Number of protein chains: 2
Amino acid sequence: MPPRTTISKPAARRMSLYLRALESRLAHDDPGEGHISSRELGLAVGVADAQVRKDLAVVGAAGQPGVGYRLKELHDGVRRAMGLQRPWRAVLVGVGNIGRALLAYPRFGEEGFELVAVFDRDAGLVGRKVAGHAVQSMAALVEGVRRSGAQLGIVAVPPDQAQDVADRLVEAGVRGVLNFAPRPLRLPPGVAVVAVDFTEALERLAFETSLRRQGSQRQKGA
Amino acid sequence: MPPRTTISKPAARRMSLYLRALESRLAHDDPGEGHISSRELGLAVGVADAQVRKDLAVVGAAGQPGVGYRLKELHDGVRRAMGLQRPWRAVLVGVGNIGRALLAYPRFGEEGFELVAVFDRDAGLVGRKVAGHAVQSMAALVEGVRRSGAQLGIVAVPPDQAQDVADRLVEAGVRGVLNFAPRPLRLPPGVAVVAVDFTEALERLAFETSLRRQGSQRQKGA
DNA sequence: GATTGTGAAGAGCTTCACAGCT
DNA sequence: AGCTGTGAAGCTCTTCACAATC
């Protein structure tokens, strides 16, 4: 049963939040037989209850009036809707600070993401192991990625190398790219790109903070 | 002259992109007397030209029909509209991999952001210098932040400490928080929060990638 | 001829509010 | 009583299209 409606971009963002709220709840609820209402879930992630119900309707989860949604069922439903029902294979390019932070991320691999290869330009790193992953040379990238069958590539290199690395990842068959370089990537349609941009985040923070000078503060959830 | 209209959240996101496109352009245009059209700028950041014009109208930038916008004037206008006309003082809490990545970020400080204090829980780090910044103990946090007069705080600690650290930052007078922990923060209204969440980004990537199975690919810019 | 500025139309997203179920 | 599911209303953002300008 495919989702009734497509999941919008804002909804996809919220789904990640729901997932984590559900997981934290499941951790405290061993049998996993508990329920959660749209209001509770909304409170946990800073979203209105009606919004939660609309989102969940899209993933095809059935709530029980008067009770709420079954935790386990809901968790599975959201994961399936987000394309996380089976694991994704990812490669990491760039083992600088950001790359290391990702390697150290316990969550990586824990649920649905498997890091199958790691590359770096630095000859001093190539051949060594970082967080259990043998670092390969950039020369080995295209062949290595192709052999690994990875669908996702993570670009954690300096900005001037980002486009080139991304192009080679796509050449090697990757279908989605996570870009940590503060530079927009141009990739063919059919390849998904998601950017994580510290500078943008900082600037957004400056903007939002300067908005909140004394005076009319409308706020909603978080 | 305050902006005619308020800048929407999506618009604020794009402003950061405009800024970087303009800066990269200014770097290749030493006198800074060049012009750029809404179409060119839109192409650089993956946005429709009409959208660019609407955004720029909000910052109060005046374009010249048939020619475009003056680079330097536009750059200044966007920075002002984003609240970047004068520098922000920020503190960093947590000198793990993410914290280090931020410290290494050349852009940090280069334009508009000054890192005025750095804290970490690890006794082995306290007192040492990392990337030119003396690491202070967590015990010194509230007093240290208050004395520094920082308006922004960056939370780069493990998730279980994030809320506590954020609370103390707010207690110390911080008015905006950049959160790298994969956990939503609850802070009083009047304090801005921007989250950078790797897990969310990865899951969004999985979702967008799974959408792009063969078939109808609508795409626009990037 | 090229490009801006913008009203109006269009698309998308969120909130409201309530009938219906347990 | 509590909660879901959802049509309808309301709001926000984006795209269109074109007169005005250089």
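Chain identifiers are assigned alphabetically (A, B, ...) following the order of the sequence lines, protein sequences preceding nucleic acid strands; residue numbering begins at 1 within each chain. Predicted model only: the values in this text are computed from it and were never measured.
Look at CD on B:Q51: it is 15 Å from C1' on C:dT4, rounded to the nearest Å. As rounded to whole Å, 12 Å separates atom P of C:dG5 from atom CG of B:D55. Protein atom CZ of B:R13 is 11 Å distant from nucleotide atom P of D:dT14, rounded to whole Å. If you measure from atom NE2 of B:H35 to atom P of C:dG1, you get 22 Å, rounded to the nearest angstrom. The distance between atom NZ of A:K9 and atom C1' of D:dT14, rounded to the nearest whole Å, is 13 Å.
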Next item on the list: Apply side chain to side chain donor-acceptor pair (under 3.5 Å) to the pair B:S38 and B:R53, showing each step before the final yes or no.
Entry: CA-CA 6 Å; B:S38 56; B:R53 293 197 295 276; 3.0 Å; yes
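Residue pairs meeting the ring-ring contact (aromatic ring centres under 6.0 Å, His included) criterion with at least one partner in residues 148-183 of chain B, sequence neighbours excluded, are A:F198-B:F180.
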Check: Taking protein heavy atoms under 4.0 Å as touching, what does nucleotides 4-12 of chain D look like 5' to 3' if B marks base contact, S marks sugar-phosphate-only contact and - marks none?
Finding: BBBBB----
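Side-chain contact between A:W88 and B:T209: present, with at least one pair of heavy atoms (C-beta onward) separated by less than 4.5 Å.
Remark: A:D76 does not engage A:K72 in a salt bridge, criterion side-chain N to carboxylate O under 4.0 Å.
Distance check, rounded to the nearest 0.5 Å: CG of B:L169 to CG of B:L187 gives 9.0 Å.
With sequence neighbours excluded, the residues satisfying salt bridge (charged side-chain N to carboxylate O under 4.0 Å, His left out) with B:R14 are B:D55.
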